[in-house]
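Being a predicted model, the structure only gives us computed values, none of them experimental. Scope of the values below: all heavy atoms of this structure, side chains included, with no hydrogens, waters or symmetry mates.
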Amino acid sequence: MKLILTLPLVIPLATAALCLLAWRFRSVQRMLGIAGAFALLAAGAALLHAVLRDGVVATQAGGWPAPFGITLVADLFSAVMVLVTGLIAAPVAVYSSANVDKRRESFGYHPLFHVLLLGVCGSFLTGDVFNLYVWFEVMLIASFVLIALGGERGQIEGALKYVTLNLMASAVFLAAAGLLYRTAGTLNMADLAVRLRTQTEPGLAGALAMLFLVAFGTKAAIFPLFFWLPASYHTPPVAVSALFAGLLTKVGVYALIRVFTLIFVHDTPFTHNLILALSGLTMITGVLGAMVQNDFRRILSFHIISQIGYMIMGLALFTPVAVAASVFYIVHHIIVKTNLFLISGITERLGGSHALKRLGGFYDSRPVLGLLFLVPALSLAGIPPLSGFFAKLSLVRAGLQVGSYAIVAAALAVSLLTLFSMAKIWAEVFWKPAPEGREQAAAPPGAARGMAALWLPVVALALLTLYLGLFPEHFYRVCERAAGQLLEPAAYIEAVLGARR
């Protein structure tokens, strides 16, 4: 089990090291990067298989017993998130080979890509609050360099906003972790789950919960802590934007779900009702921001915010159906949003811009691209039979079951507005005639091979979206089991504190 838990960390770390050794050979770095991403995908699949077969698995680094040592642990939620990290890393690595220019490659794009994946997987697998902070910082350092790589003016402005707000969130996180250790005498999550259930100072526990909500809420881009995201995600190369859009905010959502199902469950009527209000405000403000944008990637960036609201809605409702729907929604959104950013890169390659007014005519010239756009766009809006429909239907059903009619109404209204903004992109980019005077750039040598590297990831993710929509029952059963483990964490606690070493 130690091997199966450490592979998602060892593979990106080894890949990053090999890419550094091949610093002068960009083509070798590309091949290593793609191979490492597919290896991570295989490791994620193996980990999920092991957890489905054996239940929650845990190991202690160096043989030190919990709660004193460094714990790695995977329940179904963790394993699903590691697998979907590989599902995103593999197509984005292929896409990067044609999207990231040689100058950025020469500055270390490929090793940074895998250091970022290392931080993401470490965040999903750690069983310790302090080590969660460490993995967040690994992820933050890599993401800051990636977003600034190239040194363009817009990138630097976006990177400064991104890193400033995230460093502030990290400071709050570190302070909260210190106070939590002072209160409970441990930072092992399973041990905290046991000790805080007998907490004699509920007011202090509530204050700590609010600090963690601020820290993780900033990283997840919930209301009102989201303004760093649309100011930065549209500035780097599309491959970087797609990776960020798919994974980074979801690490914050993962952390929220983890701590508010395992640790801070002492006053759910207050904490989870607050999260419910924040989820509705996040949905509404995100989609309203998207509606007034006229840049392809900025629209998609605001939609990341609105969709985060759906993910934490299930956490807030705090029922098995709702939490299962949240897990399903997270996976659906990671796939769909990554694909939309990748498609924006193809339209920018063909049309020379992300501004909607400068694009047009793609349905006539590239009808397949138009159809590939419709799959994730309509899924994002929740149109059947795509994955977004089933994800939103499950959340709406969970809300109706507990009588939360206001959040259900907000979720349905935001879906309609999402459809409106997706229709706006369709009308401007695909349906209207191409702007007069726009000339296609001459295809450079090897352009056909480069376009294949752009198109294949988009097709693969579109097929995955169709599969989750047409056959949701297979994956939803996994989500139901994951929700059961989150809401009844006895197996998680036993695997960490009672595991044989």
Minimum heavy-atom distance Y95-A239, with the two atoms named: CD2-CB, 4.1 Å
S387 side chain to H332 backbone, donor-acceptor under 3.5 Å: no
Side-chain (T282) to main-chain (F223) donor-acceptor, under 3.5 angstrom: yes
Flag for T71-N188: side-chain donor and acceptor within less than 3.5 Å: yes
Heavy-atom donor-acceptor pair, S379 side chain to P376 backbone, under 3.5 Å: no
Heavy atoms of other groups near E488 CD, more than 12 under 6.0 Å: no
V120, L118, L72, V82 screened by side-chain contact (heavy atoms from CB on, under 4.5 Å) with P8, the one that passes: V82
Contact summary for V163 and F144, nearest pair of heavy atoms: CB-CD1, 3.5 Å
Contact list for residues 170-189, test ring-ring contact (aromatic ring centres under 6.0 Å, His included), sequence neighbours left out: Y133-F173, F136-F173, F173-F212, F173-F216
Pair F38-V94, side-chain contact (heavy atoms from CB on, under 4.5 Å): steps then yes or no: CA-CA 10 Å; F38 276 95; V94 173; 4.0 Å; yes
Aromatic ring pairing H266/F264, orientation class (parallel under 30°, perpendicular over 60°, tilted between): perpendicular
Within-4.5 Å side-chain heavy-atom neighbours: S96 and Y109: yes
What pairs of donor and acceptor atoms, side-chain ones from residues 302-318 against any protein atom, are under 3.5 angstrom apart with sequence neighbours left out?
from : atom 1 : to   : atom 2 : distance (Å)
H303 : NE2    : S421 : OG     : 2.5
S306 : OG     : H303 : O      : 3.3
Q307 : OE1    : Y329 : OH     : 2.2
Y310 : OH     : A411 : O      : 2.6
Y310 : OH     : S415 : N      : 3.3
Y310 : OH     : S415 : OG     : 3.1

Nearest-0.5 Å distance that lies between atom CZ in F390 and atom CG in L395: 10.5 Å
4.5 Å side-chain heavy-atom contact, S301 and F341: yes
Crowding at CE, M168 (>12 non-hydrogen neighbours, <6.0 Å): no
Check: W23 side chain, Q29 main-chain N or O, donor-acceptor pair, under 3.5 Å: no
Full working for side-chain contact (heavy atoms from CB on, under 4.5 Å) between F244 and S232: CA-CA 10 Å; F244 284 16; S232 57; over 6 Å; no
F475 side chain reached by P472 side chain, heavy atoms, under 4.5 Å: no
Side-chain heavy-atom pair I330, V80 within 4.5 angstrom cut-off: no
Interatomic spacing from CG in N166 to CD1 in I147 - rounded to 0.5 Å: 9.0 Å
Side-chain heavy-atom pair R477, E473 within 4.5 angstrom cut-off: yes
Distance, nearest 0.5 Å, that separates OH of Y162 from CG of L140: 5.5 Å
Main-chain N/O of A245 paired to K250 side chain as donor or acceptor, under 3.5 Å: yes
Donor on one side chain, acceptor on other, T126 and N131, under 3.5 Å: no
Straight-line distance of D191 CG to R195 CZ, nearest 0.5 Å: 4.0 Å
Any side-chain donor near an acceptor of the partner, R297 and S241, under 3.5 Å: yes
CD1-OG1 distance between I88 and T85, expressed to the nearest 0.5 angstrom: 8.5 Å
Side chains of E137 and S170, donor plus acceptor under 3.5 Å: yes
Verdict with reasoning, R481 to L52, per side-chain contact (heavy atoms from CB on, under 4.5 Å): CA-CA 9 Å; R481 290 179 58 183; L52 285 169; 3.6 Å; yes
I70, CD1 atom: more than 12 neighbouring heavy atoms under 6.0 Å: no
Any donor-acceptor N/O pair, T6 side chain to L3 backbone, under 3.5 Å: yes
Where L213 and L278 come nearest, the two heavy atoms and their spacing: CD2-CD1, 4.0 Å
Residue pair T261 / P489, side-chain heavy-atom distance below 4.5 Å: no
side-chain contact (heavy atoms from CB on, under 4.5 Å) partners for V51, two or more places apart: L47, V57, A74, L76, A79
Nearest non-hydrogen partners of A242 and L342, listed with the distance: CB-CD2, 3.6 Å
H333 side-chain N/O to G246 backbone N/O, donor-acceptor pair under 3.5 Å: no
Chi angles and distances behind the side-chain contact (heavy atoms from CB on, under 4.5 Å) call for L132, L187: CA-CA 10 Å; L132 179 60; L187 288 176; over 6 Å; no
CG on L87 to CD1 on I334, rounded to 0.5 Å: 9.5 Å
Heavy-atom side-chain proximity of N339 to I335 below 4.5 angstrom: no
Heavy-atom closest contact (L116 atom, A142 atom, distance): N-CB, 3.7 Å
Criterion side-chain contact (heavy atoms from CB on, under 4.5 Å) against L340, the qualifying member of L380, L461, V458: L380
Carboxylate-amine/guanidinium proximity below 4.0 Å for R258 and D75: yes
Note, V145 side chain near F107 side chain (heavy atom, < 4.5 Å): no
Nearest heavy atoms of I407 and S279, plus distance in Å: CD1-OG, 3.4 Å
Donor-acceptor contact present, side-chain K219 to main-chain V251, <3.5 Å: no
